[in-house]
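Below is one structure, written out as C-alpha cells, with a few remarks after it.
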Amino acid sequence: MKPEAAPRQRRLRQDSIRNQQELVVAVGELLRENPDSATMPAVAERAGLSLATAYRYFPTLDELHRKFMLSVIDELYESTNSLESTGMELFKDTMAQWLKVVAEYGPAMVLVRSREGFLTRLQAGEPHAHALERVWGPPVRELLEEANIDGDQLPYALSLFNAMFNSREIMDFRAVASMPDEQLVQRCSRLYWSAIQGLRSTED
C-alpha cells in the first residue's frame with residue numbers, strides 16, 4: 001500500500017502546478033481585456049477553480065499579479081536566450097523582443113508596481129528584478145564592454161535601462177512617437193548608448 005503514496009503525491013504536485021498556471025493565465029487574460037474586472041473571484045471563475053482554491057495559492061491579488069509578471073519576463077527570456085548576435089546587435093534584437101512583449105502584455109504589466117527602486121530590489125534578489133537581469137544582463141554587459149565602461153557598472157546600467165524603457169515608458173513612447181517597431185528599436189538603442197556614457201569613470 002505504501003508504494004502508492006508516491007504517485008499520489010506526484011499527482012497532487014501536478015494538480016497544484018496546473019492550478020497555479022491556470023490562475024496566472026486567467027489573470028493575464030482579464031488584465032488585458034479589462035483591468036478593472038480582474039478581481040480574485042473573476043480570476044478564479046475564469047480559471048475554473050473555487051475562490052478558496054485561488055486564495056490558497058495566492059493569498060492576495062497582488063501576489064497573483066506579480067506571478068503573472070514573472071511569467072511574462074520568463075517568456076521574454078525564452079525568446080532571447082538563444083539569440084546569437086553580439087554587442088549592439090544583441091541589444092537591438094533583445095529590444096525587438098521586448099517591444100513585442102510590451103505590445104501584448106503592456107496594459108497588464110503597468111498595473112504591477114513596486115514600492116522599492118530597481119537597484120534595491122536587484123540587490124535584495126527580488127524575483128522580478130533578478131528575472132530582468134537574466135534577460136538584459138548579457139546585452140547590457142556587452143554594450144558596457146564596447147563602450148570601455150567597467151563591468152561593475154552593470155547594476156547601474158540595468159537600473160538606467162529600467163528607468164528609460166520599462167513597460168509604461170515603452171507604451172508612452174510608442175503612443176507619442178507613432179513609429180514602426182524597427183525604427184523604435186533603433187531610436188531606443190541610440191538613446192541607451194548615449195545614456196550609459198554617463199557611467200564612465202571620472203578618470204577616463
Side-chain angles (χ1 to χ4, degrees), residues 13 16-32 35 38 43 47 57-86 90-145 151-174 181 185 188-189 192 195-196 199:
R13 284 196 294 270
S16 175
I17 293 171
R18 183 174 62 251
N19 289 343
Q20 291 182 56
Q21 290 174 337
E22 291 293 339
L23 289 166
V24 170
V25 170
V27 76
E29 291 175 350
L30 289 170
L31 285 171
R32 290 195 296 275
V43 171
Y57 295 120
F58 300 101
T60 67
L61 188 58
D62 182 66
E63 289 185 41
L64 181 52
H65 283 173
R66 293 183 181 282
K67 183 67 173 179
F68 163 72
M69 266 296 301
L70 195 56
S71 73
V72 170
I73 300 171
D74 286 343
E75 183 178 318
L76 174 63
Y77 175 75
E78 291 301 320
S79 69
T80 60
N81 188 42
S82 60
L83 292 174
E84 297 181 355
S85 48
T86 60
L90 175 59
F91 184 88
K92 290 178 180 178
D93 290 343
T94 306
M95 176 63 77
Q97 294 300 316
W98 177 235
L99 293 181
K100 291 178 182 178
V101 168
V102 174
E104 182 172 1
Y105 299 109
M109 295 166 68
V110 298
L111 298 178
V112 182
R113 306 291 289 177
S114 298
R115 296 180 180 179
E116 298 177 314
F118 181 82
L119 277 176
T120 298
R121 292 185 287 118
L122 182 62
Q123 187 176 36
E126 189 265 340
H128 300 85
H130 176 69
L132 285 170
E133 179 187 27
R134 197 165 62 135
V135 171
W136 285 105
V140 170
R141 191 178 289 109
E142 292 208 14
L143 283 192
L144 292 178
E145 185 175 346
D152 61 7
Q153 296 299 308
L154 178 63
Y156 304 102
L158 290 171
S159 180
L160 182 61
F161 176 89
N162 185 67
M164 294 177 68
F165 303 124
N166 63 61
S167 55
R168 186 180 299 275
E169 300 308 322
I170 286 294
M171 289 176 63
D172 188 50
F173 204 158
R174 181 179 266 142
D181 278 4
V185 166
C188 291
S189 300
Y192 188 68
I196 63 172
L199 297 175

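Everything quoted here is computed from the prediction, not taken from an experiment. Counting begins at 1 with the first residue of the sequence.
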Next item on the list: Starting at CZ of R66, measure out to CD of E126 and round the result to the nearest 0.5 Å.
Entry: 6.5 Å
Check: At their closest point, which heavy atom of A26 faces which heavy atom of V43, and how far apart are they?
Finding: CB-O, 3.6 Å
Checklist line | Which atom of M164 lies closest to which atom of A195, heavy atoms considered | finding: SD-CB, 3.7 Å
Note to self: Please give me the minimum heavy-atom distance between P155 and L119, naming the atom from each residue.
What the structure shows: O-CD2, 3.4 Å
Item checked: Validation row: L143, Y192 side chains within 4.5 angstrom (heavy atoms) -> yes
Margin query: Strictly distance-based, threshold 3.5 Å: is any side-chain N or O of T94 a donor or acceptor partner for the main-chain N or O of L90?
Written below: yes
Margin query: Before you tell me yes or no, could you show the steps for T60 and H65 under side-chain contact (heavy atoms from CB on, under 4.5 Å), namely the whole-Å CA-CA distance, both residues' side-chain angles and the distance that decides it to 0.1 Å?
Written below: CA-CA 9 Å; T60 67; H65 283 173; over 6 Å; no
Item checked: Check: P139 and K92 side chains under 4.5 Å, non-hydrogen atoms -> no
Next item on the list: Output yes when a side-chain donor or acceptor of S71 lies under 3.5 Å from a complementary backbone atom of F68, and no otherwise.
Entry: yes
Check: Which heavy-atom pair separates L70 from P127 by the least distance, and what is that distance?
Finding: CD1-O, 3.7 Å
Item checked: Distance in Å, R121 CZ paired with H128 NE2, rounded so as to fall on 0.5 Å steps -> 8.5 Å
Check: Rounded to the nearest 0.5 Å, how far apart are CH2 of W98 and SG of C188?
Finding: 11.5 Å
Margin query: Please give me the minimum heavy-atom distance between D74 and R134, naming the atom from each residue.
Written below: OD1-NH2, 3.3 Å
Next item on the list: Work out which heavy atom in V102 is nearest to a heavy atom in S167; give both atom names and the distance.
Entry: CG1-O, 3.9 Å
Next item on the list: Measure the CG-OH distance between L132 and Y77 for me, rounded to the nearest 0.5 Å.
Entry: 13.5 Å
Margin query: Quick check for you: to the nearest 0.5 Å, what is the distance between R18 atom CZ and L23 atom CG?
Written below: 12.0 Å
Notebook entry, point to check: Is any side-chain heavy atom of W136 less than 4.5 Å from a side-chain heavy atom of N162?
Noted result: no
Next item on the list: With the side chain counted from C-beta on, respond yes when K67 and Y57 share a heavy-atom pair under 4.5 Å apart, and no when they do not.
Entry: no
Check: Among L160, V135, I196, L154, whose side chain to side chain contact (heavy atoms under 4.5 Å, CB included) with V140 holds?
Finding: L154
Next item on the list: Mind running side-chain contact (heavy atoms from CB on, under 4.5 Å) on L99 and I170 for me, showing each step along the way?
Entry: CA-CA 8 Å; L99 293 181; I170 286 294; 3.6 Å; yes
Item checked: Spacing of CE belonging to M109 relative to CD belonging to E104, to within rounding of 0.5 Å -> 10.5 Å
Margin query: Atom CD of residue position E145 - does it have more than 12 heavy atoms of other residues, nucleotides or ligands inside 6.0 Å?
Written below: no
Check: Does a side chain donor of either Q20 or S16 reach within less than 3.5 Å of an acceptor in the other side chain?
Finding: yes
Margin query: Between the side chains of R168 and D172, is the shortest nitrogen-to-carboxylate-oxygen separation below 4.0 Å, so that they form an ion pair?
Written below: no
Check: Does a side-chain heavy-atom distance below 4.5 Å link F91 with F161?
Finding: yes
